[in-house]
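Accompanying notes for the structure given below.
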Amino acid sequence: MHVDLFDFELPTDRIALRPAAPRDAARMLVLDGDRTLDMGVRDLPSCLRPGDLLVFNDTRVIPAQLEGRRGDATIGATLHKREGPRRWRAFVRNGRRLRDGDIIDFGAGVTATAGDKGTDGSFALDFAGDEPVELLLERAGRMPLPPYIASKRGGADARDAEDYQTLFAREAGAVAAPTAALHFTADLMAALESAGIGHATLTLHVGAGTFLPVKADDTDDHTMHAEWGRIDSATADRLNAVRAAGGRVIAVGTTSLRLIESATDAQGRVQPFEGDTAIFITPGYRFRGIDGLMTNFHLPKSTLFMLVSALMGRERMLAAYAHAIAEEYRFYSYGDASLLLP
């Protein structure tokens with residue numbers, strides 16, 4: 001499909017620079033069948049049914065952005081995928097000044113050697129020393145806010161260390177937050193439990209590829225970056241049991257949805273999964289493992305807007321986003337939510 005089919009006019013002031021406070025005070029646009037409802041995140045228990053199951057991504061964001069020097073050159077690096085105990089793949093700013101074997105000094109006693117350059121322009125970085133790379137990043141790195149937020153605010157600050165982690169963050173390894181889950185608080189989870197709505201977790205380490213624009217003119221020519229994920233056997237069994245009992249599996253965030261779909265077989269049963277996924281969902285895709293999605297509002301011509309268009313229909317989503325823009329909903333990582341129930 002032509003990428004321009006997923007374009008729409010988004011005023012830049014609709015991109016949220018800070019999350020709602022408290023988190024569950026965000027607004028929520030509900031698309032339930034043919035109905036379009038303006039609601040709030042705190043209304044979620046009344047929008048779902050007893051027996052439904054929300055599925056969260058428990059990945060934890062690491063401070064994956066680094067600034068360093070290679071001689072006289074300033075080098076910026078955003079880690080996006082672990083390739084070994086001390087090796088990460090990274091998108092590099094000013095990469096034309098970098099060669100295989102160059103040593104980058106990121107300060108705070110953190111150095112890395114540049115390795116091979118990939119076809120996507122990224123570099124392998126091998127971190128020196130014996131300390132776990134996570135400790136090195138805590139010293140020298142900063143939170144990897146999306147560029148359309150960081151550029152307006154002048155980068156991440158101390159608040160983002162908390163704001164950009166979800167209530168469920170356990171497994172360190174993501175370089176972007178699974179932002180739909182940022183809306184959840186302990187109070188909201190208690191209300192969901194009281195309403196008979198369960199929850200489960202899986203792990204998908206979100207990569208920096210989620211920030212990259214689609215440069216191809218046709219979706220067939222776009223290559224997704226692979227991300228590592230895991231669904232254990234107990235979680236797979238629980239998702240299958242919910243649907244067998246007549247409940248619905250509602251993915252919280254496109255990351256949860258993509259991993260569930262990657263793990264679901266042709267008969268609609270979720271299988272245990274551990275490994276990389278580069279699934280790219282566009283209109284025409286047949287969903288097998290989920291029955292709904294809670295997600296934030298996405299940018300024009302993004303792979304995530306293509307995904308929600310596959311779930312609800314492109315014309316339906318363009319109309320819903322036009323409504324959201326007119327009603328001044330807040331977009332993207334720190335923005336408001338939508339609940340999509342086909």
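Computed from a prediction, not measured in an experiment: that's the story for all the values here.
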Taking L79's backbone N and O only, do any of them form a donor-acceptor pair with R89's side chain (distance below 3.5 Å, no angle check)?
no
Just checking Y334 against Y332, ring centres under 6.0 Å apart?
no
Check for me whether the distance between the ring centres of F91 and H225 falls short of 6.0 Å.
yes
Give me each pair satisfying side-chain hydrogen bond (donor to acceptor under 3.5 Å, both in side chains) with a member in residues 184-193, each pair once, sequence neighbours excluded.
D24-T185
Sequence neighbours excluded, which residues qualify as salt bridge (charged side-chain N to carboxylate O under 4.0 Å, His left out) partners of R99?
none
For the student: nearest non-hydrogen atoms of P342 and D291, plus distance:
CD-O, 3.4 Å
Does R97 use its side chain to pair, donor to acceptor, with the backbone of I75 at less than 3.5 Å?
no
D160 bridged to R142 by N-O distance under 4.0 Å:
no
What do the steps show when you test S256 against N57 for side chain to side chain donor-acceptor pair (under 3.5 Å), and what is the final call?
CA-CA 6 Å; S256 294; N57 185 356; 5.2 Å; no
Residue pairs passing the side-chain hydrogen bond (donor to acceptor under 3.5 Å, both in side chains) test with at least one member in residues 29-41, sequence neighbours excluded, are D32-R35, T36-R316, D38-H323, D38-Y329
Step-by-step side chain to side chain contact (heavy atoms under 4.5 Å, CB included) determination, D4 to K301
CA-CA 7 Å; D4 283 344; K301 297 198 291 188; 3.5 Å; yes
Side-chain donor-acceptor pair present, T203, D58, cut-off under 3.5 Å:
yes
Verify the cluster assignment for L5 and L307: are they in a single hydrophobic cluster under the rule of side-chain heavy atoms below 4.5 Å apart?
yes
If we ignore hydrogens and angles and just use 3.5 Å, is the side chain of R70 paired with the main-chain N or O of L98 as donor and acceptor?
no
Is there side-chain contact between V133 and W88, with heavy atoms separated by less than 4.5 Å?
yes
Report the relative orientation of the aromatic rings in W228 and H205; use parallel for angles under 30°, tilted for 30 to 60°, perpendicular for over 60°.
parallel
For the side chain of R60 and the backbone of R170, is there at least one donor-acceptor N/O pair under 3.5 Å apart?
no
Distance-only, no hydrogens or angles: does the R238 side chain make a donor-acceptor pair with backbone N or O of V242 under 3.5 Å?
no
Quick check, are the ring centers of F305 and F8 under 6.0 angstrom apart?
yes
Taking S194 for its side chain and A190 for its backbone only, find out whether a donor-acceptor pair lies under 3.5 Å.
yes
Show which side-chain atoms of residues 173-183 pair as donor or acceptor with protein atoms under 3.5 Å away, not counting sequence neighbours.
unit_1 : atom_1 : unit_2 : atom_2 : d
H183   : NE2    : N296   : OD1    : 2.9
H183   : NE2    : G335   : O      : 3.4

Kindly say whether E131 contributes a backbone atom to a donor-acceptor pair with the side chain of R86 at under 3.5 angstrom?
yes
Strictly distance-based, threshold 3.5 Å: is any side-chain N or O of D232 a donor or acceptor partner for the main-chain N or O of T235?
yes
Applying a strict under-4.5 Å side-chain criterion to I, L, V, M, F, W and Y, I'd like to know whether M1 and Y285 cluster together.
yes
For D116, is there an ion pair with R87 - N to carboxylate O distance below 4.0 angstrom?
yes
Could you check R153 against R18 for side chain to side chain contact (heavy atoms under 4.5 Å, CB included), going step by step and ending with a plain yes or no?
CA-CA 10 Å; R153 284 190 16 212; R18 296 284 186 188; 3.3 Å; yes
Passes side chain to side chain contact (heavy atoms under 4.5 Å, CB included), I325 versus L10? Steps please.
CA-CA 7 Å; I325 291 167; L10 178 65; 4.1 Å; yes
Quick check: does any side chain N or O of R139 sit under 3.5 Å from a backbone N or O of A108, one acting as donor and the other as acceptor?
yes
Within a strict 4.5 Å, meaning less than it, do heavy atoms of the I104 and T113 side chains meet?
no
Grouping ILVMFWY residues whenever side-chain heavy atoms fall under 4.5 Å, the cluster of F168 otherwise contains M28, V30, L37, M39, V41, L44, L48, L54, F56, L167, F184, L188, M189, L192, I197, I250, V252, M294, L339, L341
Is R82 reaching over with its side chain to a backbone N or O of P85, donor-acceptor style, under 3.5 angstrom?
yes
Quick one: do R269 and D265 make a salt bridge, cutoff under 4.0 Å?
no
Do any pairs count as a side-chain hydrogen bond (donor to acceptor under 3.5 Å, both in side chains) and have a residue in residues 43-54, sequence neighbours left out, and if so which ones?
D52-R248
Linking I/L/V/M/F/W/Y whenever their side-chain heavy atoms sit closer than 4.5 Å, directly or via other members, would I103 and F106 fall into one cluster?
no
